[in-house]
Q: 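I'd like to ask some things about the structure below.
Quick note: numbers below take in every heavy atom, side chains included, and nothing from hydrogens, waters or symmetry partners.
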Amino acid sequence: MAEPSKVIHIRNVGHEISENDLLQLFQPFGVITKLVMLRAKNQALLQMQDVPSAINAMQVYTNVQPTIRGRNVYVQFSSHQELTTVDQNTQGRGDEPNRILLVTIHHMLYPITVEVLHQVFSPYGFVEKIVTFQKSAGFQALIQYQSQQSAVSAITALQGRNIYDGCCQLDIQYSNLDELQVNFNNERSRDFTNPNLPAEQRGRSSQQPGYGDAGGMYAFQASGASTVAFPQVPNAAAIAAAFAGGLPPGISGTNERCTVLVSNLNPDGIDEDKLFNLFSLYGNIVRVKLLRNKPDHALVQMGDGFQAELAVHFLKGAMLFGKRLEVNFSKHPNITPGAETHEYGNSNLNRFNRNAAKNYRYCCSPTKMIHLSTLPQEITEEEIATILEEHGTIVSTKVFEMNGKKQALVMFETEEQATEALVCKHATSVAGSIIRISFSQLQAI
């Protein structure tokens, strides 16, 4: 093993793994000062604030195999003692300089068009042509400059930078192509030297030959099936960014039913707000209704069919208050507002009004570990345990700071205990702070 360093080298980092996934893996051990994604090599470099924090992380992950999204990742001390700007700019290099750049965009929370790319790359020289397309690596583009020096300047200045704050990271390397062929001028391709090219003809694809499938940024490739678009999903861009080209196993993405029927509830423990706290992990909640003639039944209306499908998939069979939940699509298209209906459509506690892609990415079945955020700055691990211990046996607790904000991870003995703590304590006030709780996919802290 290399000499201890505050820089940790992470291998087998697939394209489905985001920066936030890696941050969640290491933030329990201390402050993270830098993270460099080496996408071309499926690797990453992460720098802790000090060597002891890195040693603590390595000691844990030497004994416990770290896993992210079902993929084992492998960690070791880096030969670097400190990450520098040079380290961040080595990603994807190795080819001879060329006037054509291959650009891959990671963590894409917002749509990227030819116009956006032209605005980003044109300050470094005259951009002749741009072609965008979708490949297994994600959303990509080819940028052709008039001169090689412009391409060199662009890759030096932009490699590893974000187009938008906190997302849409540029991963740039030199292309081995000599000339781009552009047949159409539209939102997916543009020849700036020939403004008279036609736009895409109705019913025909404007796909540029040999550059990959540019069929729509908001499409998903199902295993063994053709690409299926989901026009009925209003937040398709966030879904595309979250799931990086493939939906979770068991999710079709074609469901249009928004209302879910929940049965086998414990009437003594459940209420509308607790159902909101649980189901809001998978989408925005419009309204909730407990069925008075069937006290162990409830209806939950989600924001759209995709969110309802996530809730049915991840919550079916979950244990809560001693009961195993049955979660199915309802025959009712929506819940009629009334005296017995609780409205949540305008609630600022709906999680998917902001950072929708991040929330989709973290959807999972209930786990033993919960993540608490927006905590009071002065809170301690003992105080958190006191707040939550009524819901079950706490195995471990870790308080940490991320971007100057206090957060915590708490592991319970069972998934049911963690679920009860989440539904009872999410959105409650602690020392004047409204805390937020979600499930964490970390295996240990």
Side-chain angles (χ1 to χ4, degrees), residues 1-98 101-107 137-138 152-162 166-167 169-176 244 398 400-403 409 441-445:
M1 181 177 290
E3 176 186 350
S5 162
K6 59 184 176 182
V7 181
I8 295 173
H9 180 209
I10 311 162
R11 295 177 289 116
N12 201 34
V13 180
H15 283 282
E16 75 277 10
I17 295 176
S18 70
E19 294 176 13
N20 282 337
D21 291 329
L22 292 177
L23 292 175
Q24 274 210 358
L25 195 64
F26 286 92
Q27 63 193 12
F29 303 100
V31 176
I32 298 166
T33 58
K34 292 179 183 176
L35 175 60
V36 179
M37 305 293 283
L38 306 175
R39 289 292 189 184
K41 300 178 181 178
N42 280 352
Q43 298 176 14
L45 293 169
L46 179 142
Q47 180 173 307
M48 306 297 292
Q49 189 173 42
D50 50 43
V51 173
S53 299
I55 291 175
N56 287 339
M58 288 299 301
Q59 286 175 338
V60 169
Y61 292 136
T62 299
N63 297 315
V64 178
Q65 172 62 56
T67 303
I68 303 176
R69 302 185 183 279
R71 177 192 286 261
N72 289 343
V73 295
Y74 304 98
V75 299
Q76 64 190 58
F77 289 117
S78 170
S79 57
H80 298 274
Q81 290 296 315
E82 185 93 22
L83 287 182
T84 66
T85 306
V86 174
D87 298 323
Q88 298 185 43
N89 285 336
T90 58
Q91 172 184 343
R93 294 288 186 89
D95 295 333
E96 286 297 314
N98 183 14
L101 300 177
L102 173 62
V103 181
T104 305
I105 298 180
H106 302 295
H107 197 39
V152 172
S153 298
I155 201 171
T156 302
L158 296 174
Q159 170 60 18
R161 300 283 296 276
N162 293 331
C167 66
Q169 185 187 41
L170 295 166
D171 181 357
I172 313 171
Q173 52 193 309
Y174 296 110
S175 169
N176 56 9
K398 182 74 174 180
F400 56 94
E401 276 196 23
M402 189 67 188
N403 297 326
L409 290 166
Q441 298 179 55
L442 290 179
Q443 304 298 308
I445 53 176

Q: Can you tell me how far apart OH (Tyr74) and CD (Gln43) are? Round to the nearest 0.5 Å.
A: 13.5 Å

Q: Supply the atom-to-atom distance Gln65 CD to Asn63 CG, rounded to the nearest 0.5 angstrom.
A: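 Here the interatomic distance stands at 11.5 Å.
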
Q: Starting at CE of Met48, measure out to CD1 of Ile32 and round the result to the nearest 0.5 Å.
A: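 It is 5.0 Å, given to the nearest 0.5 Å.
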
Q: Report yes if the distance between the aromatic ring centroids of Tyr61 and Phe26 is under 6.0 Å, otherwise no.
A: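 Aromatic pair counts; centres sit under 6.0 Å.
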
Q: Going by side-chain hydrogen bond (donor to acceptor under 3.5 Å, both in side chains), name the residues that satisfy it together with Asn12, two or more places apart in sequence or in a different chain.
A: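 Partners of Asn12 under the side-chain hydrogen bond (donor to acceptor under 3.5 Å, both in side chains) test: Arg71.
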
Q: Kindly say whether Gln47 contributes a backbone atom to a donor-acceptor pair with the side chain of Lys34 at under 3.5 angstrom?
A: no

Q: Is there a donor-acceptor contact under 3.5 Å linking the side chains of Asn72 and Thr67?
A: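 Checked: Asn72/Thr67 side chains pair up, N/O donor to acceptor below 3.5 Å.
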
Q: How close do Leu442 and Gln24 get, counting heavy atoms only, and between which atoms?
A: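 Closest approach of Leu442 to Gln24: CD1-O, 3.1 Å.
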
Q: For a 4.5 angstrom cut-off between non-hydrogen side-chain atoms, does Thr62 reach Val75?
A: no

Q: Rounded to the nearest 0.5 Å, how far apart are CZ of Phe77 and NE2 of His9?
A: 14.0 Å

Q: Are any non-hydrogen side-chain atoms of Met37 and His106 less than 4.5 angstrom apart?
A: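 Contact flag for Met37/His106 side chains = no.
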
Q: For the NZ atom of Lys6 and the CD atom of Gln49, what is their distance to the nearest 0.5 Å?
A: 8.5 Å

Q: So, does Asn98 use its side chain to make a donor-acceptor pair with the main chain of Ser175 at under 3.5 Å?
A: yes

Q: Should Pro66 and Ile10 count as side-chain neighbours, where that means a heavy-atom distance under 4.5 Å?
A: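 Heavy-atom side-chain distance check fails, nothing below 4.5 Å.
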
Q: Of the non-hydrogen atoms in Ser78 and Ser5, which two are nearest, and what is the gap between them?
A: O-CB, 3.7 Å

Q: Find the distance between CD1 (Ile172) and CG (Leu102) and round it off to the nearest 0.5 Å.
A: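 Those atoms lie 9.5 Å apart.
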
Q: Could you check whether any side-chain heavy atom of Phe400 comes within less than 4.5 Å of a side-chain heavy atom of Leu409, counting everything from C-beta outward?
A: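 Sidechains of Leu409 and Phe400: in contact.
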
Q: May I ask you to test the Leu23-Leu35 pair for a side-chain heavy-atom distance under 4.5 Å?
A: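 A side-chain contact under 4.5 Å exists here.
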
Q: Decide yes or no on side chain to side chain contact (heavy atoms under 4.5 Å, CB included) for Gln173 and Gln159, but give the supporting numbers first.
A: CA-CA 8 Å; Gln173 52 193 309; Gln159 170 60 18; over 6 Å; no

Q: Under a 3.5 Å cutoff, is there a donor and acceptor pairing between the side chains of Asn56 and Ser53?
A: no

Q: Are the side chains of Ile17 and Leu22 in touch, meaning some heavy atoms are under 4.5 Å apart?
A: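 Contact flag for Ile17/Leu22 side chains = yes.
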
Q: A side-chain contact here means heavy atoms from C-beta on lying under 4.5 Å apart; do Ile8 and Met58 qualify?
A: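 Sidechains of Met58 and Ile8: in contact.
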
Q: Checking side chain to side chain contact (heavy atoms under 4.5 Å, CB included) for the pair His80/Leu45: CA distance, chi angles, key distance, verdict?
A: CA-CA 9 Å; His80 298 274; Leu45 293 169; 4.3 Å; yes

Q: Under 4.5 Å between any side-chain heavy atoms of Leu170 and Val103, yes or no?
A: yes

